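Owing to the predicted nature of the structure, the values given are computational and were not obtained by experimental measurement.
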Amino acid sequence: MQPTSRVFPDPPYYAVVFTSRLSGDDDGYGDTAERMVQLAAQQPGFLGVDSVRDGLGITVSYWRDEASIAAWRQHAEHTLARETGRRRWYEEFEVHVAEVKRHYGFRRTPDVSDEPSQ
């Protein structure tokens with residue numbers, strides 16, 4: 001799953017941290033996970049998502065406010081995906097909702113001296 005483009009506002013905003021372990025039955029899981037990212041990106045208040053799976057899956061979605069998170073939780077297709085996850089795909093999962101109070105980062109930019117000479 002590729003991260004969507006993310007544009008974070010000045011804090012505060014919210015992060016929903018979803019951690020999971022899959023059961024042996026993951027048929028259809030990948031397609032549904034991609035669909036959920038596409039749908040979430042269309043929701044008011046959605047800011048972006050990061051996701052990785054290597055045994056333990058971790059998906060962090062970012063939201064403008066708690067009302068946006070609640071609306072996403074009530075989305076019909078998302079509800080169906082959660083029910084299917086409980087029934088088939090997940091051995092276990094946890095959800096943490098956190099208010100982001102600070103945000104900072106680093107991104108390396110290409111340096112002219114780093115480019116190969118020709």
Side-chain angles (χ1 to χ4, degrees):
M1 174 182 314
Q2 297 295 319
T4 61
S5 61
R6 298 170 307 173
V7 178
F8 293 111
D10 289 336
Y13 54 91
Y14 291 82
V16 177
V17 182
F18 178 77
T19 58
S20 64
R21 292 193 191 279
L22 294 176
S23 68
D25 180 5
D26 63 355
D27 185 41
Y29 176 79
D31 291 340
T32 300
E34 288 291 332
R35 174 71 178 148
M36 291 303 101
V37 170
Q38 292 169 357
L39 277 178
Q42 297 171 12
Q43 303 309 302
F46 178 80
L47 302 173
V49 64
D50 293 311
S51 188
V52 64
R53 177 162 294 285
D54 186 13
L56 176 68
I58 303 171
T59 299
V60 183
S61 59
Y62 304 95
W63 301 87
R64 164 46 63 210
D65 51 38
E66 289 185 276
S68 301
I69 295 167
W72 170 237
R73 180 158 170 62
Q74 295 172 8
H75 188 284
E77 199 170 338
H78 183 215
T79 298
L80 180 60
R82 281 196 321 275
E83 290 169 356
T84 304
R86 283 187 174 105
R87 193 173 60 253
R88 290 183 45 201
W89 296 320
Y90 296 120
E91 187 67 31
E92 63 180 315
F93 69 81
E94 291 186 356
V95 177
H96 305 267
V97 178
E99 182 180 15
V100 176
K101 294 188 177 253
R102 283 181 299 285
H103 168 218
Y104 56 91
F106 167 80
R107 179 170 291 135
R108 186 173 308 280
T109 57
D111 183 10
V112 174
S113 64
D114 290 340
E115 295 179 14
S117 57
Q118 297 186 7

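Judged purely by atom type and a 3.5 angstrom limit, Trp89 uses its side chain to pair as donor or acceptor with the backbone of Asp27. Thr59 places no side-chain N or O within 3.5 Å of a backbone atom of Val49 that could act as its donor or acceptor partner.
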TODO: Dump the intermediate steps for side-chain contact (heavy atoms from CB on, under 4.5 Å) on Ile69 and Val16, then the final yes or no.
DONE: CA-CA 8 Å; Ile69 295 167; Val16 177; 3.7 Å; yes
Open item on the list: Go through it in stages, so that I can follow the logic: the residues are Ser20 and Arg53, the test is side-chain hydrogen bond (donor to acceptor under 3.5 Å, both in side chains), and I'd like the CA-CA distance, side-chain angles, deciding distance and then a yes or no.
Closed with: CA-CA 9 Å; Ser20 64; Arg53 177 162 294 285; 2.6 Å; yes
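Separating the CD atom in Gln43 from the NE2 atom in His78 is a distance of 10.0 Å, to the nearest 0.5 Å.
Residues Ser68 and Gly45 share a closest heavy-atom pair of OG-CA, 3.4 Å. Arg64 and Asp10 get closest at one heavy-atom pair: NH2-O, 4.0 Å. The shortest non-hydrogen separation linking Ser23 to Arg88 is OG-O, 2.6 Å.
Ring geometry for Phe8 against His103 counts as perpendicular: the plane angle is over 60°, on a 0 to 90° scale with 30° as the lower cut.
Side-chain contact between Leu47 and Tyr14 is absent, with no heavy-atom pair separated by less than 4.5 Å. Counting heavy atoms from C-beta on, the side chains of Glu83 and Leu80 come closer than 4.5 Å.
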Distance-only donor-acceptor pairs under 3.5 Å for side chains of residues 90-102, two or more places apart:
from, atom 1, to, atom 2, distance (Å)
Tyr90, OH, Tyr29, OH, 3.4
Glu94, OE1, His96, NE2, 3.3

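Aromatic rings of Phe46 and Trp63 (six-membered ring for Trp) have centroids within the 6.0 Å cut-off, being under it.
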